[in-house]
Amino acid sequence: MTQISSLPTERTDSPYRADAAGFFGEFGGAALPPFLVEPIAEVAAAYAAAAADPAFQDELQALLAKYVGRPSLLYFAENLTRELGGARVYLKREDLNHTGAHKINHCLGEALLAKRMGKTTLIAETGAGQHGVALATAATLLGLKCEIHMGAIDVAKQHPNVVRMELLGASVVAVEEGGKSLKEAVDSAFGVYAAAPDEYFFAIGSVVGPHPYPSMVRDFQSVVGREARAQLLEAEGKLPDALVAAVGGGSNAMGLFDAFLADESVRIIGVEPAGEGLDGDRHAATMTLGTPGTLHGMHTKVLQDEHGEPAPVHSIASGIDYPGVGPQHAHLAQIGRAEYVTASDAETLAAFQLLTRTEGIIPALESAHALAHVVTLAPTLPQDAVIIANLSGRGDKDVDFVAERLRGA
Ligand SMILES: *Cc1c(COP(=O)(O)O)cnc(C)c1O
């Protein structure tokens with residue numbers, strides 16, 4: 001197939017893109033403590049220059065093709081389609097990327113930008129460790145150092161990912177402060193970064209955080225949707241009727257959605273974790289139940305308590321249990337361009353098993369949230385309709401947990 005460029009070409013004058021200050025309508029921006037304003041503004045300037053530089057684009061393109069294995073397949077799931085009895089279901093196979101998920105797309109982009117800026121070390125926080133592993137991989141490939149901050153509780157819980165990061169040469173900092181979890185890891189990593197921004201590049205793991213990260217990470221992921229659009233036009237001779245993707249911070253979803261935003265006929269659907277139900281606090285349905293607030297340097301929808309503190313969240317998939325969401329998603333919902341629905345832990349587990357048994361593809365539990373909505377949606381659509389679901393990652397990391405849950409059920 002034809003080569004798909006690594007970054008979108010048209011960058012402004014769209015109702016879907018951020019203004020110069022990083023606002024998508026009322027959401028986004030850069031709400032930062034004074035000591036971070038300068039270093040983050042430097043990242044924004046460097047990214048704007050890189051995005052306009054064909055040499056940067058070519059280098060990223062080459063890495064995506066030769067290292068990640070792009071383009072990823074757009075797979076017609078014929079057995080699943082027959083089983084569901086409605087729309088034709090296609091899967092964008094980000095699970096086939098090197099490292100097994102979509103995250104490598106933006107980690108390589110961020111690593112290349114860090115190098116261009118003359119930084120020596122990538123720094124980030126990680127919760128379940130998926131971002132840490134993808135970032136450590138990108139750092140190794142490009143000859144950068146990598147420092148991953150992780151709550152001490154997560155270090156113990158996510159031992160295999162800690163081992164992977166260390167094997168890849170990253171240093172993993174176990175954060176012992178406070179609740180010893182993701183929130184403390186974020187503070188810890190930002191503290192180190194702020195003290196030496198000449199040395200470090202802060203590599204955020206989704207379309208969240210202060211400007212330019214929501215736009216930059218989206219651009220790095222948007223290759224997913226540009227490939228899918230061309231692949232489907234080739235396979236079916238038409239655009240899809242609906243796109244479906246799981247939303248944690250929202251990077252795999254924005255990656256798929258971006259190329260279709262101007263195609264008004266295409267329904268765009270993000271799927272959040274309803275966890276154990278929307279009535280308690282055992283969910284992470286930020287778009288559905290969150291309210292406007294400020295979190296991690298951005299104005300967005302937030303699941304928060306009455307003091308504006310992020311609420312506790314839960315999902316069976318540790319990659320999407322986040323109390324905020326990328327500001328572009330909040331904007332797309334507000335202007336009515338995208339819809340956000342939920343899938344529970346139980347529906348997700350059922351979809352995980354269904355894809356495994358019909359297609360012989362074991363999906364990540366994060367991606368299985370998107371599939372759970374496909375199970376609901378496909379039978380309501382005519383047989384000539386087309387759904388593209390983003391299979392954001394493979395489920396090898398989840399099989400022990402799922403086996404345990406199924407034994408217990
Ligand atoms: C991290 C992760 C997600 C969630 O992140 P987004 O930024 O919402 O895409 C989804 N799927 C997989 C496989 C992941 O590793």
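Note that this is a predicted model, so its numbers are computed, not measured. All ligand and atom numbering here is 1-based and tracks the order in the structure.
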Tell me: protein heavy atom nearest [atom], and distance?
atom                    : answer
atom 4 (C) of ligand 1  : G319 O, 3.3 Å
atom 1 (C) of ligand 1  : K103 NZ, 1.4 Å
atom 11 (N) of ligand 1 : S392 OG, 2.7 Å
atom 10 (C) of ligand 1 : E366 CB, 3.4 Å

Worksheet item: Do E147 side-chain atoms and T121 backbone N/O form a donor-acceptor pair below 3.5 Å?
Response: no
Item to complete: Would you check if the side chain of D345 reaches a backbone N or O of I316 as a donor-acceptor pair within less than 3.5 Å?
Response: yes
Worksheet item: Under 30°, 30 to 60°, or over 60°: which ring-plane class applies to F27 and H299, parallel, tilted or perpendicular?
Response: parallel
Item to complete: Take the angle between the ring planes of F202 and Y193 and call it parallel below 30°, perpendicular above 60°, tilted in between.
Response: perpendicular
Discussion item. Within ligand 1, which atoms have a heavy atom of S251 less than 4.0 Å away?
Written reply: 6 (P), 7 (O), 8 (O), 9 (O)
Worksheet item: Just which atoms of ligand 1 are under 4.0 Å from any heavy atom in G248?
Response: 8 (O)
Practice prompt. Could you tell me if the ring centre of F35 sits under 6.0 Å from that of F190?
Written response: no
Worksheet item: Mind checking whether Y213 and H296 have ring centres under 6.0 Å apart?
Response: no
Under 3.5 Å, N or O to N or O, is [X] touching ligand 1 that way?
X    : answer
V247 : no
Q130 : no
G250 : yes

